[in-house]
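Here the structure is laid out as C-alpha cells; the discussion comes afterwards.
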Amino acid sequence: MNRAGTDSLCSTTRDYLICSQCHRVLSKFGQSNDADKLVNRLVEEYSTSGRLDNITQVMSFHPQYLESFLRTQFYMLRMDGPLPYHYRHYIAIMAAARHQCTYLINLHVDEFLNTGGSSEWLKGLEYVPQRLKNLNEINKILAHRPWLITKEHIQKLVKTGENNWSLAELVHAVVLLAHYHALASFVFGSGINPERDPDASNGFHPVVKSKLCVCDLANDNNIENTSLTSNNIENMDSESELEALMERMKKLQEEKEEEEASQEEMATRFEKEKKESLLVISGAFDTDMVSMTNASRYIEDPGFGYKDFARRGEEHLPTFRAQDYSWEDHGFSLVNRLYSDIGHLLDDKFRMVYNLTYNTMATHEDVDTTMLRRALFNYVHCMFGIRYDDYDYGEVNQLLERSLKVYIKTVTCYPERATKRMYDGYWRQFKHSEKVHVNLLLMEARMQAELLYALRAITRHLT
C-alpha cells in the first residue's frame, strides 16, 4: 500500500515499467534478463522502503544503469557496514541539505525515523551527538570545494577521543556524502524539485514542480516533439546544430587518427579550459533561490558554496593529475579495503555510466558516442581541477556548446539553481532519455571527483 505523503509508485511487468500516475509505459527493457534483474531490484527496494520514488522512475529508462545504482545504494544504506543505519540516513540528510534538496531530505527523514532515529535530531545539528556534528566541515568542503580537503581534516576526525571516527566509519560516511551531493545534482537537473509543504509533519513534502508527469522525462521523445518549442525555424536551427555537432565529432576523430597533440599542447589546452570554465556561469542563471528555512537546520555556514578553481587573481591551486592519484589505481583499492565490497559496486557503477551507449544521437543511429561521453565526464572533472594527461581538452570546446556548459556547471556546482529553461536550451533535437543519460554522467563524474579528493587525503593521512 502506498503510504500517505509519498510519491506514486510505478508497476512492473516482465518487459515494461509502468507509471502509475498516468499508466503510460515508462520504459521497455532490451532483454528479458535485464527486466528480471531490475524487477527483482525494484521489488527488493519497495519491500524495504515501501516506495519507488521519482528518481527511480526517471532513471528507469536506462535499466542496466538503474540496476547498478540501486544495488550500490541498497548496499550503503541497508546492508552490513561500519555505520549504524540511522546514522546513514542522517548523513544523507546533511549531504542533501548542502544543496537545499528538500526532496532527498524528505525521503531520508522518513527512513531515519523508520530505522530508530530520534525525532529530536530532526530539530537540527545542535541536537545531534558531537561525533556526527563533527562531519559538518568535511560535508561542506566536499560538497562545494573538494580540492580543499587535506589530511588534517581526516586527522581531526579520527584522532583519539570519545567522538572520534574509525577510518572504516569515515570512509562509509564519505561515500554517503559524495553519493547524496551528486544525487542532488541529478534531482535538480531532472526537475525532481519539490516545494515545501508546511502541513507536512517533518516540514517537507515531495511535490514535483513540473507540470508534466515525471515519466515525461523518460519517454522516448525529443524536446520539440513534446511541444516545448513549436517554432519551425527553431526546429530547423536545432536540426542544423545536431548535424554540425556530428560533423565536428567526425572531424575530431579524423584529426586524432592523423596526428595527436603533444603533451605540452594538451597541458596548455587543459589550463585554458579550466580558466574558461570561470566565465561559463556568470549571469546565466535565475537569481531566485529555494528557501533555506528548513534545510539550513542540518548544516552550518550555509553561505559556503562552490568557488571557481580557476578564478583569476587568487593563489593558484595545483592541478590534480589523475595519473598521480586515480580511481582505478588508488581510490578503488583504498575504499574497498576500509569498507568491504563498496569499491566493486562503485567501480561497476562508474564503468556502467561511462560506457553506456545505444549508438544513437537524436534520430541518428549507428553513432559512436564515446567522444561525447568522455567530453562530458572530463569537463566535470576539469571544473574540479582534475586533469587526465592522455585527454585532449580541445575536444571539450569543440563538442560542448555554451548552453550545455552552462547547464553542466550549474547542475554540478550549483544544482539548486538549475532551471527548466537550461534543460530545454541545449541539444534541442535530443530525446529526453539522452538528456537523462547526460545527467547520469554528470552525477557520477561529480561523485568520483569528490571521492578522489577525499580518498587522496585519507591516503596521505595513512602515509
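Index from 1, following the sequence. Values below: all heavy atoms of this structure, side chains included; hydrogens, waters and symmetry mates excluded.
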How many angstroms lie between CE in Met422 and CZ in Phe188, if you round to the nearest 0.5 Å? 12.5 Å
Compute the ring centroids of Tyr75 and Tyr339, then answer whether they are less than 6.0 Å apart. yes
Min side-chain heavy-atom separation Met361-Trp427 under 4.5 Å: no
Would you check if Tyr354 and Leu376 make a side-chain contact, meaning some heavy-atom pair closer than 4.5 Å? no
Tell me, do Ile154 and Ile138 make a side-chain contact under 4.5 Å, heavy atoms counted? yes
Work out which heavy atom in Ile149 is nearest to a heavy atom in Ala454; give both atom names and the distance. CG2-CA, 4.2 Å
Which heavy atom in Met76 sits nearest to a heavy atom in Val175, and how many Å separate them? CE-CG1, 3.8 Å
Sort out for me which residue in Tyr298, Trp121, Tyr87 forms a ring pair (Phe, Tyr, Trp, His ring centres under 6.0 Å) with Phe112. Trp121
Between the CD atom in Glu434 and the OG1 atom in Thr357, the distance rounded to the nearest 0.5 Å is 9.5 Å
No-hydrogen, no-angle side-chain donor-acceptor test under 3.5 Å, Glu444 and Tyr65: yes
Parallel, tilted or perpendicular, judged at 30° and 60°: which one describes the rings of Tyr325 and His330? parallel
Give me the ring orientation class for Phe332 and His344: parallel if the planes are under 30° apart, tilted from 30 to 60°, perpendicular past 60°. perpendicular
Would you call Lys156 and Glu152 a salt bridge, using N to O less than 4.0 angstrom? no
Measure from the side-chain N and O atoms of Tyr379 to the backbone N and O of Leu400, and report whether any donor-acceptor pair falls under 3.5 Å. no
Please report the closest heavy-atom contact between Ala322 and Ser326, naming both atoms and the distance. O-CB, 3.2 Å
Minimum-distance pair of heavy atoms, taken over all atoms of Gly425 and Ser403: O-OG, 3.5 Å
Euclidean distance, Asp301 CG relative to Ser296 OG, rounded to 0.5 Å: 12.0 Å
Do other residues, nucleotides or ligands put more than 12 heavy atoms under 6.0 Å from Asp80 CG? no
Against the six-membered ring of Phe304, is Arg145 placed for a cation-pi contact (under 6.0 Å from the centre, within 45° of the normal)? yes
Heavy-atom side-chain contact between Leu104 and Phe186 under 4.5 Å: no
So, do Met352 and Glu67 sit near enough that their side-chain heavy atoms are less than 4.5 Å apart? no
Gln73 and Leu183: which non-hydrogen atoms are nearest, and at how many Å? OE1-CD2, 3.8 Å
Determine, for Glu300 against Lys140, whether the closest basic-nitrogen to carboxylate-oxygen distance falls under 4.0 angstrom. no
With no hydrogens and no angle check, just 3.5 Å: does a side-chain donor-acceptor pair link Tyr85 and Asn114? no
Does CD belonging to Glu162 count more than 12 external heavy atoms closer than 6.0 Å? no
Is the His99 to Tyr180 ring centre distance short of 6.0 Å? no
Can you find a side-chain donor-acceptor pair between Thr319 and Arg387 that sits under 3.5 Å? no
Is the cationic atom of Lys435 (NZ for Lys, CZ for Arg) positioned less than 6.0 Å from the six-membered ring centroid of Tyr426 and within 45 degrees of its normal? yes
Without hydrogens or angle criteria, can the side chains of Thr370 and Arg373 be said to hold a donor-acceptor pair below 3.5 Å? yes
Within the 4.5 Å heavy-atom criterion, are Leu451 and Val335 side-chain neighbours or not? no
Hey, could you give me the CD1/CG distance between Ile386 and Leu452, rounded to the nearest 0.5 Å? 5.0 Å
Set out, in order, the CA-CA distance, both residues' side-chain angles and the distance that settles side chain to side chain contact (heavy atoms under 4.5 Å, CB included) for Asp347 and Asn336, then state yes or no. CA-CA 10 Å; Asp347 193 59; Asn336 221 42; over 6 Å; no
Answer yes if the side chains of Asp110 and His89 hold a donor-acceptor pair under 3.5 Å, and no otherwise. no
Modelled atom types, side-chain donor and acceptor of Arg98 and His144, under 3.5 Å: yes
State, without any angle test, whether Glu120 and Ser118 hold a side-chain donor-acceptor pair at a distance under 3.5 Å. no
Residue pair Met443 / Phe69, side-chain heavy-atom distance below 4.5 Å: yes
Within the 4.5 Å heavy-atom criterion, are Leu77 and Leu176 side-chain neighbours or not? yes
Is the shortest side-chain N to carboxylate O distance from Glu111 to Arg78 below 4.0 Å? yes
Counting only N and O atoms by type, is there a donor-acceptor contact under 3.5 Å from the side chain of His181 to the main-chain atoms of Leu177? yes
Aromatic contact, His108 with Tyr90 (centres under 6.0 Å): no
Between NZ on residue Lys133 and CG on residue Asn136, distance to nearest 0.5 Å: 8.5 Å
